[in-house]
Protein chains: 2
Amino acid sequence: MYAEPVCDPSLPMPAPTPWPVIALQPAAHEAAVRRPASRCSTCSLRAVCMPADLSSAELQQLDTLVLTTRIVRRGETLFRTHDPFQSLYAVRTGSFKTVVMHRDGHEQITGFQIPGEPLGLDGVCAGTHNCDAIALEDSSVCIIPFGQLESLCRESRRMQHHLYQLMSGEIVRESSLMMLLGTMTAEQRLAAFLLDLSARFRMRGYSGAQFNLKMSREEIGCFLGMKLETVSRMFSRFHREGLVEPDGKQIRIVDAQGLARV
Amino acid sequence: MYAEPVCDPSLPMPAPTPWPVIALQPAAHEAAVRRPASRCSTCSLRAVCMPADLSSAELQQLDTLVLTTRIVRRGETLFRTHDPFQSLYAVRTGSFKTVVMHRDGHEQITGFQIPGEPLGLDGVCAGTHNCDAIALEDSSVCIIPFGQLESLCRESRRMQHHLYQLMSGEIVRESSLMMLLGTMTAEQRLAAFLLDLSARFRMRGYSGAQFNLKMSREEIGCFLGMKLETVSRMFSRFHREGLVEPDGKQIRIVDAQGLARV
DNA sequence: CGCTATATTGAACTCTGTCAACCGTGGTGG
DNA sequence: CCACCACGGTTGACAGAGTTCAATATAGCG
């Protein structure tokens with residue numbers, strides 16, 4: 001029944017085979033561990049990142065654009081609020097959280113990103129990043145220099161439209177989050193959260209029925225606008241009601257329909 | 001002290017002078033009252049809508065793009081969820097709310113838009129709108145056909161970047177909303193809401209100290225994730241504490257710093 | 001002028017936050 | 001190797017913020 005792959009560090013992620021590419025441009029402004037990227041044209045995550053119908057010419061251009069990846073260790077930041085915005089990122093392996101914070105120390109997690117998902121779209125507006133992006137586990141990202149991406153988008157109609165779609169998708173994602181925070185009870189929030197994660201894992205070829213939460217209860221709470229104790233209580237309640245089978249961070253969704261009805 | 005213009009229907013909005021332009025293209029898919037637009041090149045709201053440093057050639061192209069405006073009466077919708085996405089809109093006069101809703105009737109207002117602000121950016125992602133845009137009063141919008149805008153953006157680097165900035169700005173706006181909904185008390189939310197509105201009115205040349213709330217207490221509550229009674233109580237509390245002087249929908253901010261400290 | 005929709009206020013109740021105790025795990029160092 | 005500690009998670013008791021329900025007041029509109 002659970003033959004699909006489960007997202008777990010012990011299992012290999014669907015990472016593209018390493019494929020050395022010579023960097024044509026020094027990318028000196030990114031102060032971090034970097035290594036040549038695999039080619040987008042052969043990347044197994046391409047279907048998640050990019051429009052489906054790119055021509056081979058467009059793929060070649062992408063390959064010359066996305067030249068490097070970066071490793072971010074668990075707990076380290078990919079970028080911080082007020083960092084100058086230079087690049088977009090796509091998660092290759094691992095996972096991230098994005099955090100905005102008030103002066104008074106109040107934090108709000110605005111999203112979790114898993115492989116194939118974009119990171120950094122908030123920086124375009126003011127030219128500086130507007131949140132911290134922190135790795136939940138040892139992770140890697142593809143680096144997409146935004147200036148060059150903009151140039152490519154002026155040549156390729158499809159790429160241009162795709163970038164607009166990505167940004168619009170982020171807007172839509174956030175408005176459903178606002179709905180969640182504004183109108184739902186704690187129980188409904190956690191159910192919606194689990195179903196959303198489940199769908200995203202499934203879309204990427206992992207099991208949607210069983211997965212590993214890399215974030216702590218506190219982080220889940222911070223994302224859903226509630227306290228860790230409440231998160232824990234709701235997990236227990238779902239367990240009692242036979243909806244999920246939580247085993248620490250390992251979650252098995254038993255009754256997805258029941259969760260949706262909450 | 002209150003010499004600045006107050007946003008009020010009885011006072012003239014800073015609307016551009018009507019300027020007949022012959023429509024070059026039938027825009028048949030928009031089923032609504034339409035009339036020729038004024039020129040962007042002479043619009044008093046241009047500084048709000050558009051990048052400051054457009055060349056005259058770029059302005060001319062804009063003028064051929066934004067050919068029509070549309071009147072939307074109070075309570076009517078500019079677009080609805082699932083409507084096919086064709087155009088972006090910019091509020092010319094009046095104001096709007098955007099609403100997302102759950103199947104179970106739960107509604108969440110995701111934003112209020114005043115003159116100069118964009119509407120419809122959420123539709124790019126899926127090609128259909130993702131919320132309802134409803135006029136809070138008799139209003140008018142500029143219609144910007146998105147396909148043509150994309151074409152223009154492939155020619156003009158500045159326009160391209162501006163559109164990315166607009167979308168990114170929407171993402172940033174929504175994440176601060178999420179912070180508000182996720183971490184703040186009812187009191188803090190209303191204070192933040194009033195200060196945000198105040199800043200936006202001021203940026204558009206209205207008074208930031210005194211303005212007219214076109215939305216009901218219920219709509220404010222729906223936006224801020226609380227019930228109308230709570231909104232009302234918080235207004236009363238602010239009044240008692242000498243922070244604002246509410247007179248029904250007319251609001252005077254007495255102590256902005258005090259509001260910020262809440 | 002009167003009706004309806006909107007706003008205010010009060011009282012009781014409920015959900016979630018707060019504080020605190022407790023458990024299990026994994027890492028560290030004696 | 002085991003004791004110890006730090007950390008994350010679970011659970012309980014209680015308090016407080018915000019909701020719900022209801023009565024009343026006010027404003028907007030025909």
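In what follows, every heavy atom counts, from backbone to side chain, and hydrogens, waters and symmetry copies are set aside. Letters A, B, ... are given to chains in the order of the sequence lines, protein chains preceding strands, and every chain is numbered from 1. Given the structure is predicted, the values throughout are model-derived calculations rather than measurements.
- The distance between atom NZ of A/Lys227 and atom P of D/dG18, rounded to the nearest whole Å, is 13 Å.
- Which of C/dT8, D/dT11, D/dT19 sits closest to the side chain of B/Arg217 comes down to C/dT8.
- A distance-only check finds no donor-acceptor pair linking the side chain of A/Glu245 to the backbone of A/His239 [under 3.5 Å].
- Set against C/dT9, C/dA7, D/dT11, the side chain of A/Glu229 has D/dT11 as its closest nucleotide.
- Atom CG in B/Leu190 sits about 14 Å away from atom C1' in D/dG18, given to the nearest Å.
- For B/Arg233 against D/dT20, a side-chain-to-base donor-acceptor contact under 3.5 Å is present.
- Between B/Asp138 and B/Arg73 a salt bridge is recorded (basic side-chain N to carboxylate O distance below 4.0 Å).
- Atom CE in A/Met184 sits roughly 13 Å away from atom P in C/dT16 (whole-Å rounding).
- We find that CD1 of B/Ile220 is positioned 11 Å from C1' of C/dA7, with the value rounded to whole Å.
- Position along DNA chain C of the nearest nucleotide to B/Arg240 versus B/Arg74 favours B/Arg74 as the more 5'-ward residue.
- Within the 4.0 angstrom heavy-atom criterion, only backbone atoms of the sugar-phosphate kind lie near B/Ser216; the bases stay farther away.
- Contact annotation: A/Lys249 side-chain N/O to D/dG9 OP1/OP2 distance is under 4.0 Å.
- Comparing C/dT6, D/dT11, C/dT16 by their closest approach to the side chain of A/Thr185 singles out C/dT16.
- When atom types are taken as modelled, the side chain of B/Ser198 and the backbone of B/Ala209 share no donor-acceptor pair closer than 3.5 angstrom.
- We find that CG of A/Leu136 is positioned 13 Å from P of D/dG8, with the value rounded to whole Å.
- Considering all non-hydrogen atoms of both residues, B/Ser95 and B/Lys214 come closest at OG-CG, 3.6 Å.
- For A/Ser232 and D/dT11, the shortest distance from a side-chain N or O to OP1 or OP2 is not below 4.0 Å.
- Using a 4.0 Å heavy-atom distance criterion, B/Thr230 is classed as a base contact.
- Salt-bridge formation is detected for the pair B/Arg204/B/Glu117: a Lys NZ or Arg NE/NH1/NH2 atom is positioned less than 4.0 Å from an Asp or Glu carboxylate oxygen.
- The CE-P distance, from A/Met226 to C/dT18, rounds to 14 Å in whole Å.
- Counting to the nearest Å, the C1' atom of C/dT8 and the CG atom of B/Leu213 are 16 Å from each other.
- Taking atom CD of residue A/Gln188 and atom C1' of nucleotide C/dT16, one finds them 14 Å apart after rounding to whole Å.
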